[in-house]
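We count residues from 1, following the sequence as given. In each ligand, atom 1 is the first atom listed, and ligand 1 is the first ligand listed.
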Amino acid sequence: MSFTLAIVGRPNVGKSTLFNRLVGKRLALVDDQPGVTRDLREGDARLGDLRFTVIDTAGLEEATDESLQGRMRRLTERAVEMADACLFVVDARSGVLPADEVFADILRKKSARVILAANKAEGRAGESGLLEAYALGLGEPLRLSAEHGEGMGELAAELRPLI
Ligand code: GDP
Ligand code: MG
């Protein structure tokens with residue numbers, strides 16, 4: 001059985017961008033547009049010498065009605081149950097929003113093994129967001145830029161002992 005990492009977090013934090021970087025094929029859609037039907041997506045990740053299975057929790061961008069919250073929760077819970085560890089991604093640029101707390105609660109309730117990541121942290125844009133992420137109480141956040149490939153060595157160092 002391959003080690004499975006679920007990438008979780010609210011829409012638009014860069015989960016699919018990171019998934020694509022890890023899987024190396026454009027299996028997951030990446031865009032800013034709501035309304036595209038998506039679901040859980042699984043791929044074979046390569047990170048340096050590490051090989052593992054990665055799950056992208058998509059389907060959360062369907063901002064339609066009151067079912068969003070329930071759908072978000074259900075998909076994330078399913079991903080957490082399938083995974084050995086979760087990479088909880090927040091957006092270092094926007095900082096921690098109330099929606100992030102929803103995911104933090106799910107991870108705490110499920111006693112998931114969590115690696116916290118503050119994405120979009122390229123340059124100096126993410127300094128305050130990084131501090132807010134730290135305040136979530138889920139450990140020290142990794143500083144990532146999925147788009148620019150920054151922080152991948154640090155992510156590998158976090159994952160290596162778990163795999
Ligand atoms: P998801 O909804 O969490 O899957 O987020 P996406 O991967 O679809 O990304 C949402 C938006 O954030 C897209 O416009 C991405 O190009 C952008 N994005 C993703 N990663 C980064 C990053 O590291 N830095 C910056 N500046 N933008 C990013
Ligand atoms: Mg996505």
Side-chain angles (χ1 to χ4, degrees), residues 4-48 53-64 67-80 82-83 85-107 112 114-134 136 138 140-159:
T4 300
L5 179 73
I7 305 175
V8 303
R10 67 172 172 81
N12 214 38
V13 294
K15 298 182 300 298
S16 299
T17 304
L18 182 62
F19 177 91
N20 289 341
R21 179 169 287 280
L22 291 171
V23 171
K25 286 175 273 177
R26 299 195 62 81
L27 287 181
L29 296 172
V30 178
D31 66 19
D32 299 317
Q33 305 306 313
V36 182
T37 303
R38 284 165 263 188
D39 203 355
L40 296 180
R41 210 169 259 101
E42 215 177 270
D44 297 322
R46 300 165 71 101
L47 182 59
T53 300
V54 62
I55 299 171
D56 182 19
T57 50
L60 309 177
E61 293 82 355
E62 251 180 276
T64 48
S67 72
L68 175 64
Q69 190 89 339
R71 180 178 167 76
M72 193 164 85
R73 186 169 279 277
R74 198 170 59 252
L75 278 176
T76 302
E77 284 174 349
R78 210 164 89 211
V80 171
M82 289 165 72
C86 297
L87 185 69
F88 177 33
V89 183
V90 298
D91 182 331
R93 294 185 176 228
S94 65
V96 172
L97 304 182
D100 294 307
E101 300 283 358
V102 172
F103 292 92
D105 285 347
I106 292 171
L107 295 171
V114 178
I115 298 169
L116 177 62
N119 188 41
K120 310 193 187 181
E122 71 271 8
R124 304 197 53 187
E127 300 291 344
S128 65
L130 212 64
L131 287 173
E132 288 180 27
Y134 191 81
L136 281 167
L138 290 166
E140 193 176 336
L142 284 174
R143 185 195 182 100
L144 293 190
S145 174
E147 199 157 273
H148 298 269
E150 295 175 15
M152 295 301 130
E154 288 80 359
L155 176 57
E158 288 285 323
L159 289 171

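Defined by atom type and a distance below 3.5 Å, a donor-acceptor pair is missing between the side-chain atoms of T57 and R10. For the residue pair E122 / S145, a side-chain donor-acceptor distance below 3.5 Å is found, with atom types taken as modelled.
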Could you walk me through whether L155 and L87 satisfy the side-chain contact (heavy atoms from CB on, under 4.5 Å) test, starting with their C-alpha distance in whole Å, then the side-chain angles of each, then the deciding distance to 0.1 Å, before giving a yes or no? CA-CA 9 Å; L155 176 57; L87 185 69; 3.9 Å; yes

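Proximity of a side-chain donor or acceptor of E132 to a complementary backbone N or O of G95 within less than 3.5 Å is not detected. With D100 contributing its side chain and L97 its backbone, the two residues share a donor-acceptor pair below 3.5 Å. Between the K15 side chain and the V89 main chain, no donor and acceptor come within less than 3.5 Å of each other.
For the Mg ion (ligand 2), the N/O/S atoms of N12 include none lying under 2.8 Å.
The distance from ligand 1 to the heavy atoms of K15 drops below 4.0 Å at these ligand atoms: 1 (P), 2 (O), 3 (O), 4 (O), 5 (O), 7 (O). Per-residue contacts place S145 under 4.0 angstrom from the following atoms of ligand 1 (heavy atoms of the residue considered): 22 (C), 23 (O).
Note: no N/O pair closer than 3.5 Å links L144 and ligand 1 by distance alone. For V13, a nitrogen or oxygen atom sits less than 3.5 Å from a nitrogen or oxygen atom of ligand 1, counting backbone and side chain alike. Looking at ligand 1, you'll find an N or O of T17 within less than 3.5 Å of one of its N or O atoms. Considering backbone and side-chain N/O atoms, P11 never comes within less than 3.5 Å of an N/O atom of ligand 1.
Within the set K120, E122, R10, the minimum heavy-atom distance to atom 12 (O) of ligand 1 is found for K120.
Only the side chain of N119 comes within contact range of ligand 1, with a heavy atom under 4.0 Å; no backbone atom does.
The two residues G14 and N119 come nearest to each other via the heavy atoms CA-ND2, 3.6 Å.
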